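Please read these numbers as outputs of a predicted model, since none were measured by experiment.
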Amino acid sequence: KAQGLWDLLAKHALKPAEDEDAHLVRFLRARAFNPSKALDLVRADLTWREERGIHRFADMAPEDVLGCDHSLMEHYLPTYIGASDKQGRPVVISKQGDFVVDSVLMHIP
């Protein structure tokens, strides 16, 4: 039963360059390192992803995901790769607080 859960986790929930242990620690931290509560959260996350078809976004073009040309998002929410973490993964920097959704929405048909 647990192996099936890990298989789903690996298929639908892991970020690029993230292994199962790192992913599980995120859920454990979110539930104060209570394993049963973390497992409930993992199951809820996987259910949410499956119900909404989140996995399909991985193969979509940015314009299809965003619903607008990606240059609009680059203009209104500039994002930069600032450095790498200790494991060599890129660190993405963006100014979420400056993002004005209405500015983008006025360009979407």
Side-chain angles (χ1 to χ4, degrees):
K1 204 170 188 182
Q3 184 59 43
L5 186 61
W6 280 115
D7 292 342
L8 287 172
L9 182 67
K11 182 178 180 185
H12 295 295
L14 293 179
K15 296 177 181 178
E18 183 176 53
D19 61 24
E20 291 91 352
D21 291 341
H23 195 74
L24 182 58
V25 167
R26 290 175 50 220
F27 288 98
L28 284 166
R29 281 186 185 137
R31 293 297 176 253
F33 290 92
N34 180 315
S36 62
K37 289 182 179 182
L39 186 57
D40 290 343
L41 188 59
V42 168
R43 286 188 178 120
D45 180 63
L46 291 171
T47 299
W48 180 86
R49 289 169 182 272
E50 187 65 32
E51 288 173 352
R52 287 159 182 80
I54 299 300
H55 61 279
R56 74 178 191 273
F57 292 116
D59 297 324
M60 294 173 71
E63 289 80 7
D64 295 332
V65 174
L66 296 169
C68 64
D69 189 88
H70 74 279
S71 64
L72 282 173
M73 292 301 290
E74 289 173 358
H75 176 74
Y76 289 108
L77 182 63
T79 303
Y80 309 95
I81 297 178
S84 298
D85 67 8
K86 291 179 183 179
Q87 292 148 341
R89 297 174 296 198
V91 176
V92 178
I93 301 165
S94 62
K95 290 185 163 186
Q96 299 288 328
D98 293 342
F99 182 57
V100 180
V101 176
D102 293 340
S103 300
V104 176
L105 292 177
M106 66 185 221
H107 294 284
I108 298 175

*asked:* Side-chain heavy atoms nearer than 4.5 Å, only ILVMFWY residues, links allowed to pass through others: does that put V65 and W48 together?
replied: yes
*Pairwise distance CZ(R52) to OG1(T47) - rounded to 0.5 angstrom*: 10.0 Å
*Could I get the full list of side chain to side chain donor-acceptor pair (under 3.5 Å) partners for E51, not counting sequence neighbours?*
none
_To the closest 0.5 Å, what do you measure between OH (Y80) and NZ (K95)?_
7.5 Å
*For residues Y76 and S103, report the shortest heavy-atom separation together with the two atoms involved.*
CE2-CB, 3.4 Å
*With sequence neighbours excluded, tell me which residues meet ring-ring contact (aromatic ring centres under 6.0 Å, His included) with F57.*
none
*For residues F99 and M73, determine if any side-chain heavy atom of one lies less than 4.5 Å from a side-chain heavy atom of the other.*
yes
*Could you state whether L66 and L105 fall into the same hydrophobic cluster, counting links through intermediate Ile, Leu, Val, Met, Phe, Trp or Tyr residues with side-chain heavy atoms under 4.5 angstrom apart?*
yes
_Within one Ile-Leu-Val-Met-Phe-Trp-Tyr cluster: L77 and V101, side-chain cutoff 4.5 Å_ = yes
_To check you understand the geometry: which heavy-atom pair defines the closest contact between I81 and P90, and what is its length?_
CG2-CB, 3.7 Å
*Roughly how far apart are L72 CG and E74 CD, rounded to 0.5 Å?*
9.5 Å
_According to side chain to side chain donor-acceptor pair (under 3.5 Å), does anything in residues 31-41 pair up with another residue at least two apart or in another chain? List the pairs._
N34-S36
*Looking only at non-hydrogen atoms, find the nearest pair between V91 and S84 and report the distance.*
CG2-C, 3.9 Å
*Between OG1 of T79 and CD of Q96, what distance do you get to the nearest 0.5 Å?*
7.0 Å
